[in-house]
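Shown next, in structure tokens, is the structure this report addresses.
On a predicted model such as this, the values are computed, not experimentally measured, just so you know.
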Amino acid sequence: MYSQQRGLSFGSFLMFAIVGAVIAITALKVVPTYLEYFTVKKAIERTVKEYGAQQPAAIREAFGRQASVDNIRDISAAELQVSQASSGTTVSLSYERVVPIVGNMSLLFAFDIQKSNTQQAAGN
């Protein structure tokens with residue numbers, strides 16, 4: 001027979017439940033921000049790959065079409081920084097997202113995406 005009690009007390013269970021709930025709520029609010037980031041990153045990569053040799057206006061227009069297909073609503077094509085040099089085209093985007101957690105607590109995410117087709121141009 002065991003002489004000691006085993007298991008969780010109600011107070012310990014309540015503490016684990018609160019910590020677990022806070023982690024779950026934070027994850028549920030942060031995951032869509034990262035999903036949007038990866039979607040925007042993929043759209044920029046596709047745009048640079050397919051339209052990297054075109055003029056900046058054509059690149060922005062192509063990103064706008066890709067954004068409407070991928071349901072990207074918060075990033076507009078005008079926010080893209082397109083720079084062209086003799087070595088290739090570089091498209092970059094910097095943006096921030098504020099994710100409210102509880103009350104006046106928020107998380108700030110700063111995303112920086114840069115894609116260049118210089119390797120592609122050098123390989124051709």
Side-chain angles (χ1 to χ4, degrees):
M1 299 203 91
Y2 293 120
S3 61
Q4 296 178 343
Q5 288 185 338
R6 299 180 127 194
L8 292 174
S9 67
F10 181 70
S12 298
F13 171 74
L14 196 57
M15 191 168 80
F16 282 118
I18 290 171
V19 169
V22 168
I23 290 171
I25 289 171
T26 303
L28 288 174
K29 291 188 174 198
V30 168
V31 166
T33 304
Y34 273 97
L35 289 177
E36 178 190 42
Y37 164 72
F38 289 120
T39 304
V40 170
K41 184 177 177 184
K42 187 186 288 183
I44 289 175
E45 288 174 354
R46 256 188 256 140
T47 302
V48 169
K49 182 178 178 184
E50 295 176 10
Y51 299 95
Q54 310 244 341
Q55 295 296 316
I59 293 172
R60 287 188 178 98
E61 184 181 327
F63 176 79
R65 286 193 306 266
Q66 187 68 44
S68 66
V69 169
D70 289 340
N71 201 18
I72 300 170
R73 297 181 187 151
D74 297 333
I75 306 292
S76 70
E79 297 177 57
L80 292 179
Q81 300 292 322
V82 180
S83 61
Q84 292 184 318
S86 60
S87 60
T89 301
T90 301
V91 177
S92 59
L93 173 69
S94 296
Y95 67 100
E96 295 180 345
R97 286 287 174 260
V98 177
V99 177
I101 300 296
V102 175
N104 62 355
M105 287 183 17
S106 300
L107 294 175
L108 173 66
F109 295 92
F111 296 108
D112 189 26
I113 302 169
Q114 184 172 359
K115 182 66 181 168
S116 177
N117 70 348
T118 54
Q119 294 174 345
Q120 183 182 18
N124 289 337

Quick one: list whatever passes side chain to side chain donor-acceptor pair (under 3.5 Å) with [X], sequence neighbours left out.
X	value
Gln54	none
Gln84	Thr89
Ser76	Glu79
Asn71	Arg73

Same cluster or not: are Val91 and Phe38 linked, directly or through other Ile, Leu, Val, Met, Phe, Trp or Tyr residues, by side-chain heavy atoms under 4.5 angstrom apart? yes
Should side-chain heavy atoms under 4.5 Å link Ile, Leu, Val, Met, Phe, Trp and Tyr, which residues sit in the same cluster as Val19? Ile23
Inter-residue atom distance [X].[atom1] - [Y].[atom2], 0.5 Å rounding:
X	Y	atom1	atom2	answer
Ile75	Ile113	CD1	CD1	7.5 Å
Ile59	Thr90	CD1	OG1	9.5 Å
Arg60	Gln81	CZ	CD	7.0 Å
Met15	Leu8	CE	CG	9.5 Å

Find out whether Leu107 and Thr33 are in side-chain contact, i.e. whether some heavy atom of one side chain is under 4.5 Å from a heavy atom of the other.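 The answer is no, as the side chains (C-beta and beyond) never meet within the 4.5 Å cut-off.
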For [X], what residues pass the side chain to side chain contact (heavy atoms under 4.5 Å, CB included) criterion, not counting sequence neighbours?
X	result
Lys42	Arg46
Pro32	none
Ile25	Lys29

Could you list the donor-acceptor pairs under 3.5 angstrom formed by side chains in residues 92-104, with sequence neighbours left out?
unit_1	atom_1	unit_2	atom_2	d
Ser94	OG	Asp112	OD1	2.8
Arg97	NE	Glu36	OE1	3.2

Residue pairs involving residues 8-25 (criterion side-chain hydrogen bond (donor to acceptor under 3.5 Å, both in side chains); sequence neighbours excluded):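 Checked against side-chain hydrogen bond (donor to acceptor under 3.5 Å, both in side chains) - neighbours excluded - the pairs reaching residues 8-25 are Ser9-Ser12.
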Enumerate donor-acceptor pairs with a distance under 3.5 Å from any side-chain N or O in residues 62-69 to protein atoms, sequence neighbours excluded.
unit_1	atom_1	unit_2	atom_2	d
Arg65	NH1	Glu61	OE2	3.0
Gln66	NE2	Asp70	OD2	3.1
Ser68	OG	Arg65	O	2.7

Please name all residues satisfying ring pair (Phe, Tyr, Trp, His ring centres under 6.0 Å) with Tyr34, sequence neighbours left out, ordered by chain then number. Phe109, Phe111
Can you give me the closest heavy-atom contact between Ile72 and Ala43, atom names plus distance?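 For Ile72 and Ala43, the tightest heavy-atom pair comes out as CD1-CB, 4.1 Å.
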